[in-house]
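Side chains included, hydrogens not; waters and symmetry mates left out as well; all remaining heavy atoms used. The structure presented is a predicted model; accordingly, all values stated were derived computationally and were not measured.
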Amino acid sequence: MKEPSFIGLGGGRSGTNWFAACLYEHPQLCVHVGEVHFFSRERAWSKGRAWYESLFAHCAAETKAGEFSSSYLADPDTPRRIYEYYPRAKLIISLRNPVDRAISDYRNELAGG
């Protein structure tokens, strides 16, 4: 199994998907497509470490693997869980001006009905 070299954290509407998409294009990186929420959601956490690492099984050995999930930044269990499993993983944090983020969230909710 391949361990993640980096884990991306951020709040909702803070650019985590954009950041992941940009890194996805880099030839030395293997970025999981879609948010996993492994460290912050019990239904994912309960699947276990082997399940999480299987998400990176397709990554070439010479690449750095990782993922981004917008729920990690606000979850109180996430820091301990990441450190427990992957203490050497680099953390990439995506932050946004809170006012801009709130307006974006509001507009997104309106668009979604």
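With a 6.0 Å radius and a threshold of 12 heavy atoms from other residues, nucleotides or ligands, Glu84 has its CD atom above the threshold. Residue-environment remark: CH2 (Trp18) stays at or below the threshold of 12 foreign heavy atoms within 6.0 Å. Other residues, nucleotides and ligands place no more than 12 heavy atoms under 6.0 Å from the CZ atom of Arg107.
For Pro4 against Ala89, the heavy-atom pair with the smallest separation is O-CB, 4.0 Å. Taking all atoms of both residues into account, the shortest heavy-atom contact from Ser14 to Ser94 is O-OG, 2.6 Å.
For the pair Arg81 and Phe39, the cation-pi criterion (under 6.0 Å, within 45° of the ring axis) is not fulfilled. Note that Arg43 lies outside the cation-pi zone of Phe38, set by a 6.0 Å cut-off to the ring centre and a 45° limit from the axis.
Between atom CD1 of residue Ile92 and atom OG1 of residue Thr16 there is a gap of 11.5 Å, rounded to the nearest 0.5 Å. The NE2 atom of His32 sits 9.0 Å away from the OH atom of Tyr52 when rounded to the nearest 0.5 Å. Expressed to the nearest 0.5 Å, how far CZ of Arg96 lies from CD1 of Ile103 amounts to 9.0 Å. Within the model, atoms OH of Tyr72 and CG of Asp77 stand 12.5 Å from one another, a figure rounded to the nearest 0.5 Å. Between the SG atom of Cys30 and the CG atom of Leu23 there is a distance of 11.5 Å, given to the nearest 0.5 Å. Rounding to the nearest 0.5 Å gives a distance of 6.5 Å between CD1 of Ile7 and CG of Leu91.
Proximity of Leu9 to Ile93: side-chain heavy atoms (C-beta onward) are separated by under 4.5 Å at one or more points. Between Leu73 and Leu95 there is a side-chain heavy-atom pair separated by less than 4.5 Å.
A salt bridge is absent between Lys64 and Glu3; no separation between the charged side-chain nitrogens and carboxylate oxygens falls under 4.0 Å.
For the 3.5 Å distance criterion, the side chains of Glu53 and Tyr85 fail to qualify, holding no donor opposite an acceptor. Using a 3.5 Å distance cut-off with no hydrogens or angles, the side chains of Arg13 and Ser104 do pair a donor with an acceptor.
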Practice task
Go through the steps to decide whether Arg88 and Ser5 satisfy the test side chain to side chain contact (heavy atoms under 4.5 Å, CB included), and finish with yes or no.
Solution key: CA-CA 8 Å; Arg88 293 184 308 238; Ser5 300; over 6 Å; no
Practice task
Applying side chain to side chain contact (heavy atoms under 4.5 Å, CB included), run through Glu67 and Val31 and close with a yes or a no.
Solution key: CA-CA 5 Å; Glu67 57 103 0; Val31 181; 5.7 Å; no
Problem - Intermediate values then yes/no, side chain to side chain contact (heavy atoms under 4.5 Å, CB included), Ser71 and Glu35 - result: CA-CA 9 Å; Ser71 61; Glu35 297 190 26; 5.5 Å; no
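Distance alone, capped at 3.5 Å, places no donor-acceptor pair between the Ser40 side chain and the Asp75 backbone. Checking side-chain atoms of Thr63 against main-chain N and O of Cys59 turns up no donor-acceptor pair under 3.5 Å. Between the side chain of Lys2 and the main chain of Ala60, a donor-acceptor pair closer than 3.5 Å is present.
Contacts of Phe68 classified as ring pair (Phe, Tyr, Trp, His ring centres under 6.0 Å), with partners at least two apart in sequence or in another chain: Phe19.
Taking hydrophobic clusters as Ile, Leu, Val, Met, Phe, Trp and Tyr residues chained together by side-chain heavy-atom distances below 4.5 Å, Trp51 shares a cluster with Trp45. Put simply, Tyr24 and Leu55 are part of two different groups of oily side chains (I, L, V, M, F, W, Y) that touch within less than 4.5 Å, one to the next.
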